[in-house]
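Okay, structure first, notes after.
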Amino acid sequence: QVQLVESGGGSVQAGGSLRLSCAASGVTYSTYCMAWFRQAPGKEREAVAVISPAGSHTYYADSVKGRFTISRDNAKNTHYLQMNSLKPEDTAMYYCAAGLVPLCGVVPGPRSRYNYWGQGTQVTVSS
């Protein structure tokens with residue numbers, strides 16, 4: 001049974017930092033594209049950052065480039081999202097996802113290619 005478990009969300013003031021973690025089990029982790037998506041109230045779920053299986057390619061949404069960093073540790077079956085210089089518009093539920101995505105890390109790929117999802121962790125940034 002595949003499980004993705006996020007941790008690290010919370011409430012911070014604008015300009016602050018948070019680090020999200022996603023621990024995976026039940027998959028051959030090193031073969032999967034791993035991603036972070038987010039969904040704010042009333043908005044569609046969007047890809048924030050994506051990392052290729054070996055970690056050699058990363059994709060970032062324009063809105064987070066230069067502020068967020070995705071990484072993975074294949075020995076620990078875990079990937080991370082370091083979020084710096086947080087803004088109120090970063091407030092959302094953050095989800096980790098895993099899938100077999102062509103050109104992973106070059107393009108985000110459609111949500112339909114991500115077979116497995118975590119339960120979500122809330123990030124709230126106050127001004």
Side-chain angles (χ1 to χ4, degrees):
Q1 183 179 355
V2 177
Q3 275 195 314
L4 300 179
V5 180
E6 300 108 333
S7 60
S11 297
V12 294
Q13 289 192 324
S17 298
L18 284 172
R19 188 192 195 208
L20 306 183
S21 299
C22 176
S25 59
V27 293
T28 308
Y29 183 82
S30 61
T31 66
Y32 273 75
C33 181
M34 305 303 292
W36 290 97
F37 285 73
R38 68 184 180 188
Q39 188 168 19
K43 295 189 176 181
E44 288 200 2
R45 192 173 298 189
E46 62 172 349
V48 173
V50 178
I51 188 165
S52 60
S56 54
H57 294 89
T58 54
Y59 162 89
Y60 295 96
D62 287 343
S63 58
V64 306
K65 279 181 184 176
R67 301 187 297 120
F68 290 12
T69 302
I70 189 171
S71 61
R72 65 190 293 162
D73 185 338
N74 285 354
K76 295 182 178 180
N77 285 10
T78 300
H79 71 289
Y80 308 93
L81 186 67
Q82 179 66 45
M83 304 185 293
N84 298 330
S85 302
L86 282 161
K87 303 176 180 180
E89 51 263 43
D90 295 317
T91 295
M93 186 71 79
Y94 283 70
Y95 298 90
C96 66
L100 300 174
V101 182
L103 299 176
C104 174
V106 178
V107 295
R111 279 183 290 167
S112 60
R113 296 293 303 202
Y114 292 90
N115 308 89
Y116 306 110
W117 294 82
Q119 80 284 356
T121 187
Q122 179 67 37
V123 171
T124 303
V125 185
S126 58
S127 57

With a 3.5 Å cut-off and sequence neighbours excluded, list the donor-acceptor pairs that the side chains of residues 90-104 form with protein atoms.
from  : atom 1 : to     : atom 2 : distance (Å)
Asp90 : OD1    : Arg38  : NH1    : 2.9
Asp90 : OD1    : Arg67  : NH2    : 3.0
Asp90 : OD2    : Arg67  : NH1    : 2.7
Asp90 : OD2    : Arg67  : NH2    : 3.4
Asp90 : OD2    : Lys87  : N      : 2.8
Thr91 : OG1    : Pro88  : O      : 2.9
Thr91 : OG1    : Val125 : N      : 2.9
Thr91 : OG1    : Val125 : O      : 3.4
Tyr94 : OH     : Arg38  : NH1    : 2.9
Tyr94 : OH     : Asp90  : O      : 2.7

How long is the span from the [atom1] atom in [X] to the [atom2] atom in [Y], to the nearest 0.5 Å?
X: Ser21; Y: Leu81; atom1: OG; atom2: CG; answer: 9.5 Å
X: His79; Y: Cys33; atom1: NE2; atom2: SG; answer: 9.0 Å
X: Gln39; Y: Phe37; atom1: CD; atom2: CZ; answer: 11.0 Å
X: Leu4; Y: Gln119; atom1: CG; atom2: CD; answer: 9.0 Å

Give the C-alpha distance, both sets of side-chain angles, the deciding distance and a yes or no for side-chain contact (heavy atoms from CB on, under 4.5 Å) between Leu20 and Met83.
CA-CA 8 Å; Leu20 306 183; Met83 304 185 293; 3.7 Å; yes
Donor-acceptor contact present, side-chain Tyr60 to main-chain Gly66, <3.5 Å
no
Please report the shortest heavy-atom distance between Ser17 and Gln82, naming the atom on each side.
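Answer, listing the atom of Ser17 first, then Gln82: CB-NE2, 4.0 Å.
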Looking only at non-hydrogen atoms, find the nearest pair between Tyr59 and Val106 and report the distance.
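Scanning both residues completely, I find the closest heavy atoms to be CD1-O, 4.1 Å.
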Do Val27 and Trp117 belong to the same hydrophobic cluster, where Ile, Leu, Val, Met, Phe, Trp and Tyr are linked whenever their side-chain heavy atoms lie under 4.5 Å apart, directly or via other members?
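Different hydrophobic clusters.
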Are the side chains of Asp73 and Tyr80 in contact, using a 4.5 Å heavy-atom criterion?
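Yes, side chains in contact.
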Partner set under salt bridge (Lys or Arg N to Asp or Glu O under 4.0 Å) for Arg113, not counting sequence neighbours
none
